[in-house]
Amino acid sequence: DVKVTQSSRYLVKRTGEKVFLECVQDMDHENMFWYRQDPGLGLRLIYFSYDVKMKEKGDIPEGYSVSREKKERFSLILESASTNQTSMYLCASSPGTGSYNSPLHFGNGTRLTVT
Amino acid sequence: DQQVKQNSPSLSVQEGRISILNCDYTNSMFDYFLWYKKYPAEGPTFLISISSIKDKNEDGRFTVFLNKSAKHLSLHIVPSQPGDSAVYFCAASEWDGGATNKLIFGTGTLLAVQP
């Protein structure tokens, strides 16, 4: 069974802090994704990666960066946290290009509050 | 601009009756559609999908219908059970020839199944 693990369930950070959200998957998936979920807006794609050290911008990348140094780990970085980045952050993974329509497997989310 | 829309934020249904969740999309290049279910404090889990070459896909109590001309899909749950109470997200996929596809999610519909 695929497991996507997000290191923190809840985080509270101050405005201006650098924030790291970590995600690990155990199924050797090539693709990994970061979404944020906000009421009335659904899930919006921030960044994704289809291979180690490869990254692509999603729909709302501003204020974020990512790192994928190892296949199983995908980190989301808030360079200088702001209150409008208070949200639920969801990491997901899926197999590679041979099955590009495979469903995403999500972690349980990290609820980040920026004060 | 919201490419995938779920116009009903919530739906209440009696146990044993049919639940119908609707989703509209604007991008005619979407070629694959999925439904995810999300319980509070958990990540979304994949429920059912349909390719654009089909108009119906069934899996147990869940059936997804696709009307390409109307750019509309719906999820039918029959019979509805209290355990089906969750937020349901519609998602659409487009492969632009890149390394992988991206999923565009709708805003979600909260289904409440009353015992």
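Below, read A as the first sequence line, B as the second, and so on, with proteins coming before strands; counting in each chain starts at 1.
With rounding to the nearest 0.5 angstrom, the CD atom of A:Q37 is 10.5 Å from the OG1 atom of B:T107.
Taking B:A91, B:A41, B:G108, B:S49 one by one and counting their heavy-atom pairs under 4.5 Å with chain A, the maximum is reached by B:A41.
Hydrophobic clustering (side-chain heavy atoms under 4.5 Å, transitive across Ile, Leu, Val, Met, Phe, Trp, Tyr) keeps A:L11 apart from A:V4. If you chain together hydrophobic residues whose side chains sit under 4.5 Å apart, A:Y89 and A:L43 never meet in one group. The hydrophobic clustering, which links ILVMFWY residues whose side-chain heavy atoms are closer than 4.5 Å, places B:F65 and B:I50 apart. If you chain together hydrophobic residues whose side chains sit under 4.5 Å apart, B:F62 and B:V13 fall into the same group. Using a 4.5 Å cut-off between side-chain heavy atoms of Ile, Leu, Val, Met, Phe, Trp and Tyr, with links allowed through other members, B:F33 and B:L21 fall into the same hydrophobic cluster.
The heavy-atom pair separating B:F89 from A:G42 by the smallest distance is CE2-CA, 3.9 Å. Contact detail for B:E42 and A:N108: the closest heavy-atom pair is CA-OD1, 3.6 Å.
By the 6.0 Å contact criterion, CZ on B:R61 is enclosed, its count of non-hydrogen atoms from other residues, nucleotides or ligands being greater than 12. Other residues, nucleotides and ligands contribute only 12 or fewer heavy atoms inside 6.0 Å of the NZ atom of B:K54. Few gaps surround CZ on A:R44; more than 12 heavy atoms of other groups in view lie less than 6.0 Å from it.
At a 4.5 Å heavy-atom cutoff, the contact between A:L41 and chain B is made by backbone atoms alone. For B:Y39, no part lies near chain A; criterion is any non-hydrogen pair under 4.5 Å. With a 4.5 angstrom heavy-atom cutoff, B:P44 touches chain A via backbone and side-chain atoms both. For chain B, the nearby part of A:R9 is the side chain; its heavy atoms alone come within less than 4.5 Å.
For the pair B:L103/A:F33, no side-chain contact is recorded, criterion being any heavy-atom separation below 4.5 Å from C-beta on. Counting heavy atoms from C-beta on, the side chains of A:L45 and B:F105 never come closer than 4.5 Å. Residues A:D59 and B:I104 are in side-chain contact: their nearest non-hydrogen atoms beyond the backbone lie under 4.5 Å apart.
Counting only distance, with no hydrogens or angles, the side chain of B:Y36 and the backbone of A:L104 share a donor-acceptor pair below 3.5 Å.
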